[in-house]
Amino acid sequence: MADIEAALHRARALILADLSARDVADAAVVSLVEDAVTHRRWWLEQWPDGTGFVLGLVAQDVQDALLEGWGRWPLCQACAQDGDPHALSVEPELGPDPHWVCGKEGVAVAPVGSL
């Protein structure tokens with residue numbers, strides 16, 4: 001159980017760091033992060049070996065929740081400057097060491113938590 005909580009606390013902290021880096025971490029958005037962490041706690045209780053994947057999953061959960069009520073996040077800043085705003089994606093979708101990736105250029109922009 002300690003590994004699950006450590007993985008969830010790490011995911012929360014890194015996602016909040018990315019949200020803060022892009023000036024999106026208001027109270028409503030932080031609540032979305034908490035909802036994602038709660039959901040993934042249940043998921044990890046069912047599959048404890050998934051602790052290495054939870055950061056990327058929480059990032060995707062928050063990204064999906066923001067899309068519904070706020071808009072695409074995080075935007076690819078390089079492409080947005082060229083007039084082509086699009087969201088970065090998380091890769092791998094289910095795997096360790098997730099990164100924010102520009103799908104248009106096919107390049108890793110930053111590890112999740114380091115925007």
(request) Report the distance from atom CH2 of Trp42 to atom CD1 of Ile4, rounding to the nearest 0.5 Å. (result) 12.0 Å
(message) Working to the nearest 0.5 angstrom, can you tell me the gap between Leu44 CG and His39 NE2?
(response) 10.0 Å
(request) Give, for atom CD of Glu45 and atom CZ of Arg41, the distance between the pair rounded to the nearest 0.5 Å. (result) 7.5 Å
(request) Begin with the C-alpha distance, continue with both residues' side-chain angles, and end with the deciding distance and a verdict on side chain to side chain contact (heavy atoms under 4.5 Å, CB included) for Leu66 and Leu19. (result) CA-CA 11 Å; Leu66 284 170; Leu19 289 162; 3.9 Å; yes
(message) Tell me if a side-chain donor or acceptor on Arg22 pairs with a main-chain N or O of Leu75 at a distance below 3.5 Å.
(response) yes
(request) Treat each ILVMFWY residue as a node, draw an edge where side-chain heavy atoms are under 4.5 Å apart, and state whether Trp70 and Val30 are in one component. (result) yes
(message) Tell me which one of Val58, Val33, Leu55, Val62 satisfies side-chain contact (heavy atoms from CB on, under 4.5 Å) with Arg12.
(response) Val33
(request) With sequence neighbours left out, write down each residue that passes salt bridge (charged side-chain N to carboxylate O under 4.0 Å, His left out) with Glu93, or none if nothing qualifies. (result) none
(request) To the nearest 0.5 angstrom, please state how far the CD1 atom of Ile15 sits from the CD atom of Gln60. (result) 9.5 Å
(message) Keeping Gln63 on the side-chain end and Arg72 on the backbone end, is there a donor-acceptor pair under 3.5 Å?
(response) no
(request) Return the minimal non-hydrogen interatomic distance between Ala59 and Val90, and the atom names on each side. (result) CB-CG2, 3.9 Å
(request) Check Leu8 against Val37 and note the closest heavy-atom contact, atom names and distance. (result) CD2-O, 3.9 Å
Can you give each donor-acceptor pair under 3.5 Å made by side-chain atoms of residues 94-115, sequence neighbours left out, with the distance rounded to 0.1 Å?
from   : atom 1 : to    : atom 2 : distance (Å)
His99  : ND1    : Asp97 : O      : 3.0
Trp100 : NE1    : Asp18 : OD2    : 2.7
Lys104 : NZ     : Asp84 : OD2    : 3.1

